[in-house]
2 protein chains.
Amino acid sequence: MSIAAFVEQAVTSADKTFLQLRVDIVEGAIPAGSKLSETELSTKYQVSRAVIREAINRLESCHLVERKANVGARIVSLTPEGLIQLYQVREALEGMAARLAAKNMSDEEIADLTALLDNHFQTVKGGESYYQEAGDLDFHYRIILGSKNQHLIEVLVNGIYHLIRMYRVQFGMAGPRVTTAFDEHKHVVQAIANRDEELAEMLMRRHILYSKNNIERKLLQS
Amino acid sequence: MSIAAFVEQAVTSADKTFLQLRVDIVEGAIPAGSKLSETELSTKYQVSRAVIREAINRLESCHLVERKANVGARIVSLTPEGLIQLYQVREALEGMAARLAAKNMSDEEIADLTALLDNHFQTVKGGESYYQEAGDLDFHYRIILGSKNQHLIEVLVNGIYHLIRMYRVQFGMAGPRVTTAFDEHKHVVQAIANRDEELAEMLMRRHILYSKNNIERKLLQS
DNA sequence: GTTGGAAATGATGTCGACAATATAGGCGTT
DNA sequence: AACGCCTATATTGTCGACATCATTTCCAAC
C-alpha cells in the first residue's frame, strides 16, 4: 500500500488552487504571517474570488491560515512555542498510532515495513541524505495508516504534518536526525512486530520526544 | 476564566447558519448519513447558496460532514467503530492535556478546578442528574484549556467534542458514568495539584479508557 | 427482456456585481 | 500638537445567474 493511494487528486478548480496555495505557503513563497488578499490572489491565480475563498477555507481547516470576520485571512505566524506545542500533540497522537498499529497492522504490512527499514538502512549507509527525509516520512506514514484509525490519520496527515514541514522549511532545519533516529525506528518496528502495544507506544513517544528536544536545542542556539 | 470566554460569537450570516446547522446535525434534527442539498438548505434557512456552502465547508472541517466533488455533502454516518476510534484519539489527546495542565495551569486555576469539583460533588450527592453532564464537561474543558496548547484545544473543543456529543445524543446514551467517574476526576485533579505530570496523564487516560469500555459494553448489549 | 447509450434533469462549481463592514486619511476642535 | 470624528477607500460578505458535471430516464437495438 503506497502513500500515493491516499492523496486524492484535484478535480475541481478550487482543489488545484488549494493545493497550489498550500505548497506556496508551506514552502515559504508566501511569507508566514502575511495577509492573504482575496482580490489579489484571484488575479494572481487567474480564478474567481469564490474559488479563492473556498481554497482559503480549506487552508484554515489545515490550520495554515487564520481568518477574522470582515477582516480577512492571514497565514499563521511561526513561533518556537508553536513548534513545541505541535510536537506535543504529535507525541500523543503518533504514540497512540504506534499502539494501534501494533494491534491492527496485518502481518504483511509489518513485513513491508521491515523491508522498508532495511532498504532505508542501505541508503543511509550510502550517505544519501536526500532520501533520508522521504524515508523518515514513509516510516511515520505507514505506522499512522497502520493504526487504521480514521480520525488519527486525518489529523496527522492532513493537518499536523503540513505544519511541521512548514516549520522545517522556514526555520531552515535539516531533515530528521540521521544516525540515532534510525535505531529508534528499528526498535519501534520490532515492538510492532511483537504486537507489544505498550512498548510500541512508549518507543514512538520517546522517538518524537528526542526529536523535540533536538529541535529545542537548535532553536536556542540560533 | 469561563468557558464562555472561548466561544466566539457569530457575526456574519455564514457564522449563524453554521452554528444552527451544527446544532441541527448534532442533535439529530437532520439525520446522520443524510445528504445536504445546498439549494434545499438555502431555501430552508433563507440565505443564499454561497452562505450554505461556507457553512458546509466549516462543518467539514469539524468532521461532521463529508464532501465529494461534483456530488455534494453528506452528514457523517455514525458507527460503533467510529465511536471507539474517537475515544482512542480522545484518550491520547486528553491524556497529554492532563500532563500539560499539571505543568502549565496556574495555582489559581487549579484552586478553581478543585472548587468546581467540590461544588460538583454537592450536586451529585443531591442527585441532580442534569447538572452532571455539564459538570463533567466543565471538568474536561478546564483541563484541556489548562494545557495552554492551542493545537490540542482546537482539535478537542472544535472537533472531537461535538462529534462525541453527536454520538451521545443519537445513540441515546445517558451522560457520563455517575458515581465512579467522580472519584476519577478527583484523583486527576490531585495529581495536577501535585504537579505530577506522569500521573495526571495516566489517570486521565484510564478515566477515558473506562468510559470507552463502558460504552463498548452498552453498544454490545443493545 | 435486457442492455447500451443519449437526452433530460437536477445538482454542484464558478463567476461577476452589489452590499456591508473595517481601515486609513483628512479635517476640525480643544 | 493631540484627540476625536467623519468621510473615502478598499476589502470582505452576500447574492443571483450561468457553466459544468453526475444521475436518471427513456428509447432503441439486440
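Note: hydrogens, waters and symmetry copies are ignored here, and every other heavy atom, side chains too, is used. The structure displayed is predicted, hence computed values, not measured ones. Within every chain, numbering begins at 1; the chains are lettered A, B, ... in the order of the sequence lines, protein sequences first and strands thereafter.
- Rounding to the nearest 0.5 Å gives a distance of 6.0 Å between CD1 of B:Ile208 and NE2 of B:His140.
- Smallest separation of non-hydrogen atoms from A:Val188 and A:Met204: CG2-N, 3.9 Å.
- Judged by distance alone, the side chain of B:Glu66 and the main-chain N or O of B:Ser77 form no donor-acceptor pair under 3.5 Å.
- Look at CD on A:Glu54: it is 12 Å from P on C:dT12, rounded to the nearest Å.
- Side-chain atoms of A:Asn149 come within 3.5 Å of backbone N or O of B:Gln85 as a donor-acceptor pair.
- From A:Asn119, atom CG reaches atom OG1 of A:Thr114 across 12.0 Å, with rounding to the nearest 0.5 Å.
- Looking at heavy atoms from C-beta onward, A:Arg58 lies in side-chain contact with A:Asp15 at the 4.5 angstrom threshold.
- Computed from coordinates, the B:Arg49 CZ to C:dA11 P distance equals 10 Å when rounded to whole Å.
- Contact check, B:Arg53 against C:dG13: a side-chain N or O comes under 4.0 Å of OP1 or OP2.
- Between A:Ser13 and the phosphate of C:dT14, there is a side-chain N or O to OP1/OP2 separation shorter than 4.0 Å.
- The closest side-chain heavy-atom distance from B:Asp138 to B:Arg142 is below 4.5 Å.
- The aromatic rings of A:Phe139 and A:His185 sit parallel, their planes meeting at an angle under 30°, below the 60° perpendicular limit.
- For the pair B:Val51 and A:Val11, nearest-nucleotide mapping onto DNA chain D gives the more 5' position to B:Val51.
- Only A:Arg67, A:Ala69, A:Asn70, A:Val71, A:Gly72, listed by number, bring a heavy atom of residues 61-72 of chain A to less than 4.0 angstrom from any atom of DNA chain D.
- A salt bridge between A:Glu38 and A:Arg49 is present, with a side-chain N of the basic residue lying under 4.0 Å from a carboxylate O of the acidic one.
- A salt bridge links A:Glu91 with A:Arg205; the closest basic N to acidic carboxylate O contact falls under 4.0 Å.
- For A:Arg53 and B:Glu54, the salt-bridge test passes: some basic side-chain N is under 4.0 Å from an acidic carboxylate O.
- For the segment residues 30-44 of chain B, no residue has any heavy atom less than 4.0 angstrom from an atom of DNA chain D.
- On the nucleic acid side, DNA chain D contacts chain A at distances under 4.0 Å to non-hydrogen atoms, with the end points of that region at D:dT11 to D:dT14.
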